[in-house]
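One structure is given here, and the rest of the page talks about it.
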Amino acid sequence: MIKHELAKLVEIAAREAQSKDLIPPTALPEVSVERPQNPEHGDYASTMALKLARAARMNPMVIASAIVSSFPPIPGVEDITVVAPGFINFRLTDNWLREQVPVILGAGASYGSLDIGKGQRVQIEFVSANPTGPLHVGNGRGAMLGNALANILAAAGYSVEKEYYVNDAGSQIEVFSNSLHARYLQALGKDVAFPESGYGGQYMIEVGQELATEYGEKYLDQPSQLGAIGLERMLDMIRVDLANLGVVFDSWFRESSIYKEGKYQAIMDLLKEKGYVAEREGALWFTSTSLGDDKDNVLVRTTGVPTYFAADAAYHYDKLAERGFDRAINIWGADHLGHVSRLKAALTGMGIDHQRLNVIIMQLVTLKRGAEAVRLSKRTGDIITLREVLEEVGADACRFFFLSRSADSQMDFDLELAKQQSNENPVYYVQYAHARIASILDLAKDRDIDFSDGDVSLLATEAELELIRQMILLPEVIEMSAHNLEPHHLPHYAQELAAAFHSFYTVCRVVSEDIPMTKARLKLVQATKIGLARTLALMGMTVPESM
RNA sequence: GCGCCUGUAGCUCAGCGGAUAGAGCACUGGUCUUCGGAACCAGGUGUCGGGGGUUCGAAUCCCUCCAGGCGCGCCA
């Protein structure tokens with residue numbers, strides 16, 4: 001990446017200036033090269049001189065000049081300028097820009113891929129909604145975030161595995177089984193009461209009826225067996241919803257396997273051995289306060305039943321110690337914030353560096369219809385499912401909406417507004433650019449134009465060069481997104497790339513009587529298609545050849 | 001009470017300690033006999049929630065206050 005090359009050269013030039021005694025030999029700050037927001041300031045800029053000014057006790061303008069005078073000539077860069085109060089600005093040559101077109105064509109579908117992950121194994125766990133009901137919009141957001149992040153990390157050179165943690169044990173499942181059993185009995189005409197805090201949703205009635213028709217009275221006295229069947233139904237439904245969003249998991253990990261396969265017992269033994277388990281008031285506690293957490297946590301209840309936390313500790317030990325992932329990333333809703341510190345403490349207690357686990361806390365999605373708020377709880381039953389929202393608003397519009405906002409920002413999903421705006425959704429703007437290019441390439445094919453010998457040095461208008469400038473940003477966007485675990489940069493970048501293309505399109509005729517120019521622009525357009533397709537694919541969205 | 005997140009244009013949101021704080025939507029005007037008008041070009045709006053502080057420089061970092069969301073279970 002040219003950005004890193006420039007940063008390195010700034011550092012070399014600064015050292016050179018120091019060795020020539022032009023500036024004092026102070027420690028150099030970490031060099032970063034940025035993109036100025038004002039294009040008049042060039043393509044890249046360094047603030048090295050400004051940062052050095054204090055320690056060097058010199059005017060930053062003088063420092064900048066000293067650094068610039070120590071620069072070796074850089075291929076591809078012209079006009080290294082010093083601008084008040086001390087910026088060093090770089091401008092890429094038109095020629096260098098043009099040469100990026102064949103580079104992109106050569107990279108093809110892998111354009112933008114990086115090697116910063118060095119093949120490290122990363123597991124990313126997301127959605128993991130309880131299989132006690134259908135997915136809601138919040139789960140949709142998590143699904144898109146996790147999926148895009150997985151794509152980004154894979155593009156950045158990590159070996160990524162996507163996992164769904166299935167909570168198929170514990171008290172919620174018991175409640176689910178009892179609720180379903182009641183609906184099942186009711187469907188069979190029995191007059192039974194529905195559990196007070198059971199899952200009251202309409203879908204439970206439907207599944208109860210289905211099971212009653214299929215199995216008759218087979219499970220009259222077996223709520224947990226019935227529940228197990230119902231749970232698989234729910235999982236199938238979840239899988240379908242996720243597939244509709246384009247999200248497919250590599251593995252589905254069952255909480256129950258933690259008990260069946262002795263993983264729970266293993267970590268309990270480990271924690272005891274390390275001295276982090278204490279018995280108090282008939283329960284077993286993890287003494288996380290000794291590891292800096294603000295409170296101790298129960299591992300095994302007075303009833304002898306392990307807590308969710310105990311299972312979660314075992315699950316994460318399995319990820320990081322047994323299955324050997326270098327890193328684990330969890331995407332959790334803000335309502336799970338309270339788990340983070342104790343899980344990290346547990347990892348520390350088990351001898352695992354907790355920095356290998358990143359927990360992304362995603363702020364919740366609140367659903368509104370106009371001014372009216374809609375609750376999302378499965379317990380209360382009155383939910384609007386992800387499926388309904390996708391049908392109402394459209395999958396790609398939803399995807400783009402979910403991805404455009406950072407995980408930190410809380411989302412008001414107004415169904416009225418979303419529907420109203422779906423036709424104006426920026427996602428179509430981006431996809432349209434791709435489809436337009438596909439259409440141009442079709443035309444070229446119809447006319448039997450072979451542009452493999454196109455001469456990119458003919459690309460000279462500002463619109464053409466600006467389009468290339470946008471394209472070379474993709475690797476930087478991927479790097480930043482991977483580094484910060486922030487997929488939301490992609491939709492913004494996608495819009496800018498599409499905008500650069502649309503502007504180019506109105507100014508420059510691609511297929512024309514001028515054959516050499518036609519061929520050069522076909523190359524440019526083909527490269528743009530690669531960039532747009534890659535960006536859309538990273539976001540997990542459809543890449544239409546026509547719309 | 002304590003902790004985490006958020007507060008930026010009318011609305012929805014970007015903004016990696018740097019240059020004149022940006023985009024989409026909405027609004028107004030213009031562009032088209034041509035490769036897809038789901039397009040392009042132009043117009044303008046900001047106490048960056050308030051107040052202090054650090055810095056050559058703060059929307060960005062620190063403190064404090066205000067407002068909203070979430071969390072602080074032998075629930076998951």
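When the C1' atom of B/rC40 is taken as reference, atom CD of A/E462 falls 16 Å away, rounded to whole Å. Rounded to an integer number of Å, the gap from A/D396 CG to B/rA38 P is 18 Å. Atom CD1 in A/I258 sits about 13 Å away from atom C1' in B/rA76, given to the nearest Å. As rounded to whole Å, 12 Å separates atom P of B/rA76 from atom CG of A/N297. At whole-Å resolution of the value, CZ in A/F400 and C1' in B/rA38 are 14 Å apart. Between the CH2 atom of A/W332 and the P atom of B/rC72 there is a distance of 12 Å, given to the nearest Å. Here the P atom of nucleotide B/rG71 and the CG atom of A/L343 are 18 Å apart, to the nearest Å. If you take CD of A/E466 and C1' of B/rC41, they are 15 Å apart, rounded to a whole angstrom.
Side-chain atoms of A/N89 come within donor-acceptor range of the base of B/rA19, with a qualifying N/O pair under 3.5 Å. The base of B/rC74 has none of its N or O atoms less than 3.5 Å from a complementary donor or acceptor on the side chain of A/T303.
Stacking here means ring centres nearer than 5.5 Å and ring planes tilted less than 30 degrees, and by that measure A/Y429 does not stack onto B/rA38.
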Reading nucleotides 28-37 of chain B from 5' to 3' and marking B where a protein heavy atom lies under 4.0 Å of the base, S where only the sugar-phosphate is that close, and - otherwise, the string is ------BBBS
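Applying the 6.0 Å contact sphere to NZ of A/K295 captures more than 12 heavy atoms from other residues, nucleotides or ligands. In this structure, A/K8 places its NZ atom where only 12 or fewer heavy-atom neighbours from other residues, nucleotides or ligands lie under 6.0 Å away.
Side-chain polar atoms of A/D296 and A/T287 form no donor-acceptor pair below 3.5 angstrom. A donor atom on one side chain and an acceptor atom on the other are not found under 3.5 Å apart for A/D408 and A/S406. A donor-acceptor contact closer than 3.5 angstrom links the side chains of A/N330 and A/H316.
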Under the side chain to side chain donor-acceptor pair (under 3.5 Å) rule, what do A/D514 and A/S512 come out as? Steps first, then yes or no, please. CA-CA 5 Å; A/D514 184 344; A/S512 70; 5.5 Å; no
Let me see the working for A/E545 and A/K529 under salt bridge (Lys or Arg N to Asp or Glu O under 4.0 Å), right down to the final yes or no. CA-CA 10 Å; A/E545 295 291 312; A/K529 187 166 185 271; 3.2 Å; yes
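Residues satisfying the side-chain contact (heavy atoms from CB on, under 4.5 Å) test with A/M547, not counting sequence neighbours, are A/Y428, A/Q431, A/Y432, A/A435, A/P544. For A/F90, the ring pair (Phe, Tyr, Trp, His ring centres under 6.0 Å) test picks out A/F71, with sequence neighbours left out. Residues passing the ring pair (Phe, Tyr, Trp, His ring centres under 6.0 Å) test with A/F253 are A/Y315, sequence neighbours excluded. With sequence neighbours excluded, the residues forming a salt bridge (charged side-chain N to carboxylate O under 4.0 Å, His left out) with A/R521 are A/E464, listed by chain and number. For A/Y493, the ring pair (Phe, Tyr, Trp, His ring centres under 6.0 Å) criterion is met by no residue, not counting sequence neighbours.
Residue A/Y315 has no polar side-chain atom (N or O) positioned under 4.0 Å from OP1 or OP2 of B/rA76. Contact annotation: A/T307 side-chain N/O to B/rA76 OP1/OP2 distance is not under 4.0 Å. Remark: A/Q37 is not in phosphate contact with B/rU20, judged by side-chain N or O atoms under 4.0 Å from OP1 or OP2.
Taking atom P in both B/rG7 and B/rC48, the straight-line distance is 14 Å, to the nearest Å. For B/rU60 and B/rU55, the C1' atoms lie 13 Å apart once the distance is rounded to whole Å. Taking the P atom of each, B/rC74 and B/rC16 are spaced 40 Å apart, rounded to whole Å. Straight-line distance between the C1' atoms of B/rA38 and B/rG3: roughly 47 Å, to the nearest whole Å. Going from the C1' atom of B/rC4 to that of B/rC11 covers 27 Å, rounded to whole Å. The C1' atoms of B/rG24 and B/rA39 are separated by 15 Å, rounded to the nearest whole Å. Separation of the C1' atoms belonging to B/rU45 and B/rU20 is 16 Å when rounded to the nearest angstrom. Comparing B/rG50 with B/rG17, their C1' atoms sit 22 Å apart, to the nearest whole Å.
Ranked by how close their nearest RNA chain B nucleotide is to the 5' end, A/H336 and A/S404 are led by A/S404. Projected onto RNA chain B by closest heavy-atom contact, A/A169 and A/P36 fall at different nucleotides, the more 5' of which corresponds to A/P36.
Proximity of residues 483-499 of chain A to RNA chain B (heavy atom under 4.0 angstrom from any strand atom) is restricted to A/H488, A/H489, A/H492, A/Q495.
At the heavy-atom level, A/G170 lies nowhere under 4.0 Å from the strands shown. Within 4.0 Å of A/H41, counting heavy atoms only, lies at least one base atom of the nucleic acid. Contact annotation for A/A45: base contact, defined as any heavy-atom pair under 4.0 Å involving a base atom. Using a 4.0 Å heavy-atom criterion, one finds that A/S503 contacts the sugar-phosphate atoms exclusively.
With B/rG71, B/rA19, B/rC40 as the choices, the nucleotide that has an atom nearest any side-chain atom of A/D335 turns out to be B/rG71. The side chain of A/E34 sits closest to B/rG18 out of B/rG24, B/rA26, B/rG18.
The two residues A/E466 and A/A500 make their nearest non-hydrogen contact at O-CB, 4.5 Å.
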Are any protein N/O atoms closer than 3.5 Å to N/O atoms in nucleotides 54-63 of chain B? If there are, list each pair with its distance.
from: B/rC56; atom 1: OP1; to: A/R54; atom 2: NH1; distance (Å): 2.5

All N/O contacts under 3.5 Å from nucleotides 3-5 of chain B to the protein, with atom names and distances to one decimal?
from: B/rC5; atom 1: O2'; to: A/D408; atom 2: O; distance (Å): 2.6

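Residue pairs meeting the salt bridge (Lys or Arg N to Asp or Glu O under 4.0 Å) criterion with at least one partner in residues 40-63 of chain A, sequence neighbours excluded, are A/D43-A/R469. Sorted by first and then second residue, the salt bridge (Lys or Arg N to Asp or Glu O under 4.0 Å) pairs with a member in residues 470-487 of chain A read A/R35-A/E476; sequence neighbours excluded.
Taking CG of A/L114 as the start and CG of A/L153 as the end, the distance is 11.0 Å to the nearest 0.5 Å. Atom CZ in A/F413 sits 15.0 Å away from atom CG in A/L364 (nearest 0.5 Å).
Using a 4.0 Å cut-off between charged side-chain N and carboxylate O, A/R399 and A/D396 make a salt bridge.
Ring geometry for A/Y505 versus A/F501: interplanar angle of 30 to 60°, hence tilted.
Helical stems in RNA chain B, defined as runs of 3 or more consecutive Watson-Crick or G-U wobble pairs with both donor-acceptor distances under 3.5 Å, are listed by first residue as B:1-7 with B:66-72, B:10-13 with B:22-25, B:27-31 with B:39-43, B:49-53 with B:61-65.
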